Amino acid sequence: MDAFIIRSSKKRKSSPDPAPAHEESTDVKLAILSSLHPSVDPETLLDILLAHDGDVEATSRTLKARLPKKPGSGTASAAQSSLRSFGVGLDGSASTPSKRAKILSRKGATLHLYDPVDISEHTPCTIIHNFLPSEEADSLLRELLEESKTFEKITFKLFDNIVSSPHTSGFYVGSYTEMQEQKHEYVYNGARMTDVRTLTPQLEKVKARVQETVNGEIQERIRTHYGGKKLQYQSPDPWTPNAAFVNCYNGPQESVGWHSDHLTYLGPRAVIGSLSLGVAREFRVRRIIPQDDDPSPAAPIPTLPQTTTPIATTAPTTTTTTTTTTTTPAPPTPQDPNLTGQIAIHLPHNSLLIMHADMQEHWKHSITPALTIDPHPIAGNRRINITYRHYRPDFHPRFTPRCPCGVPAVLRVVTRRRENRGRYFWMCYAGNVPVVGREGCGFFRWAEFDGDGRPVGGGLGVGEKEKGVEGDKDKSRTVTQETVIERGSK
Ligand SMILES: O=C(O)CCC(=O)C(=O)O
Ligand SMILES: [Fe+2]
């Protein structure tokens, strides 16, 4: 289920992960604007935002006033760019460093990747094209198109307004018992989910295949990217999905804003298997903490091979991607596209995208609105996406800490304050539930896990602290609560 949390810019004392207004403001403002104007591409948003001296409201007014939208202002899913648009030439050369740095740091610049090798190298994801036998994919698509007729939009809170997610979704679990648990014990955005379904036979069958592939790819990732050792807090157990969220994007404008998937019920270092069917759309990812700043000692920094020509200039149907890599790993450099900008991964019909254990804590993702799409012979304008997830028994809601508000807390990770980066914590969620006027209480508790991501001390956290004690040692400082749009408790 989708949700987007908006944490208002009200002063708040409890967050261990404050974002000084000036530091994050452009990102945050862009996220807000993109949520309010999903049809306008980030580059245009940035330009208009800059023209209004960073004033979100004025920008939003201008955007509203300029409807109908100018042709060419949106993001076409088929838009092409390559590493060259980041200043890197085919031979690995670059334009002048200052020019290159400027291009690289420009928000809104997007690197489009199609080739599985590029994707695996530059993002925490693996893509497998033509995953299912084509008849199986088509038949699953048909089934889910039918199911999606009764999917609903998710409501969330935005600036004290309650708004709906820009797409619909449905939630599936393995058994009747799990369905009852989901309805009566799990909490999403401060509310119970009323429409929980059991996995259809086809979803069940595909789940087994996804499970097998994902487990193989997890091992491959460990071998090729983590130096042969799983990440700290990553589970050593096989990944066993027991739930699936199915999203339906009906038409080019339907989207999902920037978010990380909530870890509350998945635990740290979650892995997600995401199957795309129907219309091809862009899945965008962007790093939220620097690559050379991974806080967990057992989490080796993935080494990026020096890529000389990872250039994708055409859509996958006519794949002419050329990738040449040297064998010498190089530390991230300023021209590394992973450090700046967004990366667009193109998700055609019947592709499986694996979001690895280094994804949710360090990256955000979105499905960007498109100007145009290529209709799919079965799905028309629709895209169906299934995310298979493992709801961990040791993260069952009976263990979720509750704050004085009575709303179960959510599990988050510190991404901003360097000294605590990578630490997990539980925080109050009440300010984000879709009830106008409902305020959060500022509840905060560190969450502690063993190296395998299991809660220590029998519960989901130890060392409860008063608000902000460890997280915000500088007590004299008033913390500005982050204002972020993100995906809720899926
Ligand atoms: O539609 C997609 O590919 C991504 C959906 C997603 O991010 C989610 O369900 O959390
Ligand atoms: Fe997601």
Side-chain angles (χ1 to χ4, degrees), residues 1-5 31 34-35 38 77 113 119 123-129 131 140-141 144-145 148 151-154 156 165-173 188-189 193 203 210 214 241 243-266 270-286 288 342-370 373 376 379 381-391 410 412 484-490:
M1 157 164 144
D2 296 349
F4 302 75
I5 308 164
S34 139
S35 175
S77 64
L113 297 179
I119 290 164
T123 75
C125 302
T126 302
I127 194 165
I128 297 168
H129 291 136
F131 175 65
L140 180 61
L141 172 60
L144 294 177
L145 286 169
S148 72
F151 286 177
E152 289 189 356
K153 294 190 173 209
I154 307 302
F156 58 97
S165 63
H167 71 279
T168 56
S169 47
F171 184 42
Y172 296 79
V173 291
Y188 298 90
N189 312 312
M193 213 181 308
L203 278 171
V210 169
V214 169
F245 273 94
V246 181
N247 296 309
C248 176
Y249 303 85
N250 183 10
Q253 298 307 313
E254 293 212 350
S255 60
V256 61
W258 287 105
H259 68 280
S260 312
D261 294 349
H262 265 199
L263 305 175
T264 306
Y265 303 126
L266 307 178
V271 172
I272 293 173
S274 172
L275 181 62
S276 292
L277 300 167
V279 165
R281 294 287 298 267
E282 266 180 33
F283 180 75
R284 291 201 178 182
V285 298
R286 72 178 162 83
I288 51 171
Q342 303 172 10
I343 298 179
I345 300 175
H346 290 255
L347 300 178
H349 173 62
N350 197 13
S351 56
L352 178 71
L353 183 91
I354 298 156
M355 295 187 236
H356 285 286
D358 37 342
M359 177 87 171
Q360 304 303 335
E361 282 90 337
H362 293 182
W363 295 65
K364 285 193 187 284
H365 56 276
S366 68
I367 293 288
T368 192
I373 48 174
H376 184 273
N381 286 342
R382 287 170 205 252
R383 168 175 183 265
I384 295 287
N385 166 258
I386 309 154
T387 53
Y388 285 101
R389 295 152 190 262
H390 180 214
Y391 275 59
V410 290
R412 298 182 55 98
V484 180
I485 298 172
E486 68 176 40
R487 168 64 63 86
S489 334
K490 266 192 176 180

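Quick note: residue numbers are just sequence positions, from 1. Order of appearance sets the numbers: ligands from 1, and atoms from 1 within every ligand. Note that the coordinates shown come from a computational prediction; the quantities given were computed from them, not determined experimentally.
Looking only at N/O/S atoms, D261 comes nearest to the Fe ion (ligand 2) through OD1.
Looking at ligand 1, you won't find any N or O of S276 less than 3.5 Å from one of its N or O atoms.
Side-chain atoms of R382 never come within 3.5 Å of backbone atoms of V279 as a donor-acceptor pair (strictly under, hydrogens ignored). Between the side chain of S255 and the backbone N or O of P369 there is no donor-acceptor pair closer than 3.5 Å. A donor-acceptor contact shorter than 3.5 Å links the side chain of R281 to the backbone of E254.
Residues passing the side-chain contact (heavy atoms from CB on, under 4.5 Å) test with A357, sequence neighbours excluded: Y226, L231, Q234, R269, V271.
Shown in contact with D261 at under 4.0 Å from a heavy atom are these atoms of ligand 1, numbered in order with element: 10 (O). Of all the atoms in ligand 1, the ones that sit under 4.0 Å from a non-hydrogen atom of N385 are 1 (O), 2 (C), 3 (O), 4 (C), 5 (C). Each of the following atoms of ligand 1 lies closer than 4.0 Å to a heavy atom of Y249: 1 (O), 2 (C), 4 (C), 5 (C). For ligand 1 and R389, the ligand atoms under 4.0 Å from any heavy atom of the residue are 8 (C), 9 (O), 10 (O). Close approach of ligand 1 to H365 (heavy-atom distance below 4.0 Å) involves ligand atoms 7 (O).
With a 4.0 Å cut-off on non-hydrogen atoms, H259 touches ligand 1 through its side chain and not its backbone.
When all heavy atoms of W363 and S260 are compared, the pair lying nearest together is O-OG, 3.3 Å.
Tested against T387 for a side chain to side chain contact (heavy atoms under 4.5 Å, CB included), the candidates V210, V246, I272 yield a single pass: I272.
Between H349 and L141 there is a side-chain heavy-atom pair separated by less than 4.5 Å.
Rounding to the nearest 10°, we obtain 80° for the angle at the Fe ion (ligand 2) between H365 NE2 and H259 NE2.
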